[in-house]
> 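Below is one structure. I have some questions about it.
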There are 2 protein chains.
Amino acid sequence: MRNDPHPIPGGESLLFLTDDQIRRGIEAMYFAYRAFTADPDLILEEIGYGRAHHRALHFITRDPGLTVTALLEVLGVTKQSLNRVLRTLIEDGLVDSRVGRRDRRERQLHLTEKGVALERRLSEAQRARVRAAYRAAGPQAVAGFRQVLEAMMDGEMLAQFRALREAPDQRLAPRRAGSAG
Amino acid sequence: MRNDPHPIPGGESLLFLTDDQIRRGIEAMYFAYRAFTADPDLILEEIGYGRAHHRALHFITRDPGLTVTALLEVLGVTKQSLNRVLRTLIEDGLVDSRVGRRDRRERQLHLTEKGVALERRLSEAQRARVRAAYRAAGPQAVAGFRQVLEAMMDGEMLAQFRALREAPDQRLAPRRAGSAG
DNA sequence: AAGGATAGGGCAGCCTTGTTGACTTTCCAA
DNA sequence: TTGGAAAGTCAACAAGGCTGCCCTATCCTT
């Protein structure tokens, strides 16, 4: 298992599949993810929030009016965990939780002006880094980056990711189809 | 700031730098990182360890005999935080902490057989996913993936990352007197 | 030989953000 | 009307970050 021992008949060089290359990719992913979160983390620290707050603000911005359950599924955490974060955002006047119209058990989540302002500040910081990296690497590299990231996701997660793209302002929730918690 | 308003005179299409594309990249990074850690997380949970244990095992494997301080710098955490994790690994007989030869204040970290076995199991699980993603995306996409990840790192982190590459079995730390590791 | 600097570690205690379990409110269907 | 299911909330615990302070052993310089 030290080096990929499968010179698959097909022509192309498979050197990019050696264990060493894979391991370098794993390390790059680890370091890059730390860099990726570093800028918003600084802002969050100022105001006593954490990454979980940023994530909630992001997906509420992405899909205004989504329910707690829908947000839960996107984030892949338990509702208790999300609830704590959401409660502080609501108490601090960044998120508005409205009783659902079609189902009064549901809460529909929107950002307040203050919430929009913070979300924008956080996103801008994060986007600046990603934009710089994209610009430095060029469009072809970016296409490859996206391809590999998507190929890393499993089926259910990929579906969630694509659902965000395809239904930019649509509720994700109502499908009864079972998805694990 | 909604869409990149800089049609830089230079020719290429800059559509890959729109805020929308950047945001998709950010979301892809978020989901992919979750997928990326999912497989080892399952194994770690079985035995009551966390990601921090995996990271320590990884970098000790990467650079056997490295000191606590060197590991600290690679991981970017505090001594106290690392120490808790390292202590359990040593107590459980996965890591061996030997007094340094050239400097007896230092502790040189090695994996035991048991440690090697666990690290291999964790790495194999993670590599399997990355390898599958690489294979699916192809060598050109992988090159782009790596380019973007490196472009995301800041200078110091990039230096650390490259130091791992260039000195695969060398101490990262002070190099007082050159002695075999 | 003495004193400061460095490597490593321990303890106390804080925070965020995961987790499970138990609970209320609301809806819907038998 | 009643009972189950679903949405959301509250309580308590754990992992693993963090800081602060203290301690020993070991270097290294004076």
Side-chain angles (χ1 to χ4, degrees), chain A residues 33-34 37-38 40-42 44-57 65-73 75-92 95 97-109 171-181, chain B residues 30 34 37-38 40-42 44-56 65-73 75-91 95-109 171-174 176-177:
Chain A
Y33 194 80
R34 268 170 50 188
T37 57
D41 280 357
L42 280 179
L44 289 161
E45 199 184 8
E46 283 178 18
I47 54 185
Y49 285 169
R51 261 177 227 176
H53 299 85
H54 183 189
R55 292 197 281 259
L57 293 174
L66 89 174
T67 64
V68 172
T69 298
L71 183 52
L72 227 57
E73 284 172 8
L75 293 174
V77 298
T78 60
K79 68 184 163 174
Q80 294 84 342
S81 183
L82 174 59
N83 194 266
R84 193 190 308 117
V85 166
L86 223 38
R87 188 168 50 223
T88 72
L89 290 173
I90 292 168
E91 280 170 4
D92 295 349
V95 167
S97 168
R98 306 176 195 160
V99 170
R101 289 176 308 285
R102 67 174 183 286
D103 185 336
R104 294 169 45 77
R105 291 172 302 181
E106 293 181 347
R107 300 288 178 274
Q108 299 188 322
L109 304 171
R171 217 63 357 87
L172 299 170
R175 295 171 324 194
R176 300 295 189 206
S179 62
Chain B
Y30 167 64
R34 267 169 51 190
T37 57
D41 280 357
L42 280 179
L44 290 161
E45 200 184 7
E46 284 177 20
I47 54 184
Y49 285 170
R51 259 175 230 176
H53 299 84
H54 182 189
R55 292 196 282 260
L66 91 173
T67 65
V68 173
T69 299
L71 184 51
L72 227 58
E73 282 171 8
L75 293 174
V77 299
T78 60
K79 177 173 70 158
Q80 293 81 348
S81 187
L82 173 60
N83 196 268
R84 195 176 2 195
V85 166
L86 220 40
R87 189 166 50 221
T88 70
L89 290 173
I90 293 169
E91 282 170 4
V95 167
D96 183 25
S97 169
R98 306 177 197 158
V99 170
R101 288 175 309 287
R102 68 174 182 284
D103 185 337
R104 294 168 46 77
R105 292 172 302 179
E106 293 180 347
R107 298 291 176 272
Q108 299 188 320
L109 304 171
R171 214 65 356 84
L172 297 171
R176 296 215 181 314

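Naming convention: chains lettered A, B, ... in sequence-line order (proteins, then strands); numbering from 1 in each chain. Note that this is a predicted model, so its numbers are computed, not measured.
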> Over all strands shown, is Gly76(B) touching base, sugar-phosphate only, or nothing at heavy-atom distances under 4.0 angstrom?
sugar-phosphate
> Identify, with sequence neighbours excluded, every residue that meets side chain to side chain donor-acceptor pair (under 3.5 Å) alongside Thr37(B).
Arg51(B)
> What is the distance, to the nearest angstrom, from the CZ atom on Arg102(A) to the C1' atom on dT26(C)?
14 Å
> In whole Å, I'd like the distance from the CG atom of Leu42(B) to the P atom of dT19(C).
13 Å
> Take the protein atom NZ of Lys79(B) and the nucleotide atom P of dT6(C), then report the distance between them rounded to whole Å.
12 Å
> What's the shortest heavy-atom distance between Ile90(B) and Ser97(B), and which atoms?
CD1-CB, 3.8 Å
> What is the distance from CD of Glu73(A) to P of dA6(D), rounded to the nearest Å?
12 Å
> Output one line per pair: protein atom, nucleotide atom from nucleotides 23-26 of chain D, and distance, for all N/O pairs under 3.5 Å.
from    : atom 1 : to        : atom 2 : distance (Å)
dT26(D) : OP1    : Arg104(B) : NH2    : 2.9
dT26(D) : O2     : Arg105(B) : NH1    : 3.3

> Tell me whether the OP1 or OP2 atom of dT19(C) has a side-chain N or O from Thr78(A) closer than 4.0 Å.
yes
> Using atom CG of Leu75(A) as one end and atom C1' of dT19(C) as the other, report the distance to the nearest whole Å.
16 Å
> For DNA chain D, which residues of residues 80-88 of chain A approach it to below 4.0 angstrom with any heavy atom?
Gln80(A), Asn83(A), Arg84(A), Arg87(A)
> Considering residues at least two apart in sequence or located in another chain, which fulfil the side-chain contact (heavy atoms from CB on, under 4.5 Å) criterion with Leu82(B)?
Val68(B), Leu71(B), Leu72(B), Leu75(B), Val77(B), Leu86(B)
> Please determine whether side-chain contact (heavy atoms from CB on, under 4.5 Å) holds for the pair Val99(A) and Arg107(A), giving the CA-CA distance in whole Å, both sets of side-chain angles, and the decisive distance to 0.1 Å.
CA-CA 5 Å; Val99(A) 170; Arg107(A) 300 288 178 274; 4.1 Å; yes
> Which pair of non-hydrogen atoms, one from Tyr49(B) and one from Thr88(B), has the smallest distance, and what is that distance?
OH-O, 4.1 Å
> Answer yes or no: does atom CD of Glu45(A) have more than 12 heavy-atom neighbours from other residues, nucleotides or ligands under 6.0 Å?
no
> Kindly write out the residues that satisfy side-chain contact (heavy atoms from CB on, under 4.5 Å) with Arg87(A), not counting sequence neighbours, or none if the list is empty.
Asn83(A), Arg84(A), Glu91(A)
> If you look at every strand shown and take non-hydrogen atoms under 4.0 Å, does Gly100(B) touch a base, only sugar-phosphate, or nothing?
nothing
> In terms of side-chain heavy atoms of Ala52(A), which of dT17(C), dG8(D), dG9(C) is nearest?
dT17(C)
> Whole angstroms only, please: what is the CG-P distance between Leu72(A) and dG8(D)?
8 Å
> Looking at dG18(C), I'd like to know if its phosphate oxygens (OP1 or OP2) sit under 4.0 Å from a side-chain N or O belonging to Arg55(A).
yes
> Report the residues that fulfil side chain to side chain donor-acceptor pair (under 3.5 Å) with Tyr33(A), sequence neighbours left out, ordered by chain and then residue number.
none
> With respect to the side chain of Thr69(A), which nucleotide from dA7(D), dG8(C), dT17(C) is positioned closest?
dA7(D)
> Tell me whether the OP1 or OP2 atom of dT16(C) has a side-chain N or O from His53(A) closer than 4.0 Å.
no
> Rounded to the nearest 0.5 Å, what separation is found between the CD atom of Gln108(A) and the CG atom of Leu66(A)?
9.0 Å
> Whole Å only: how far is the CG atom of Leu71(B) from the P atom of dA7(C)?
14 Å
> Let me know the distance between CD of Glu45(A) and P of dT17(C), rounded to the nearest Å.
12 Å
> For a quick test of reading the model, state the closest non-hydrogen atom pair linking Ala56(B) to Val85(B) and the distance between them.
CB-CG1, 4.5 Å
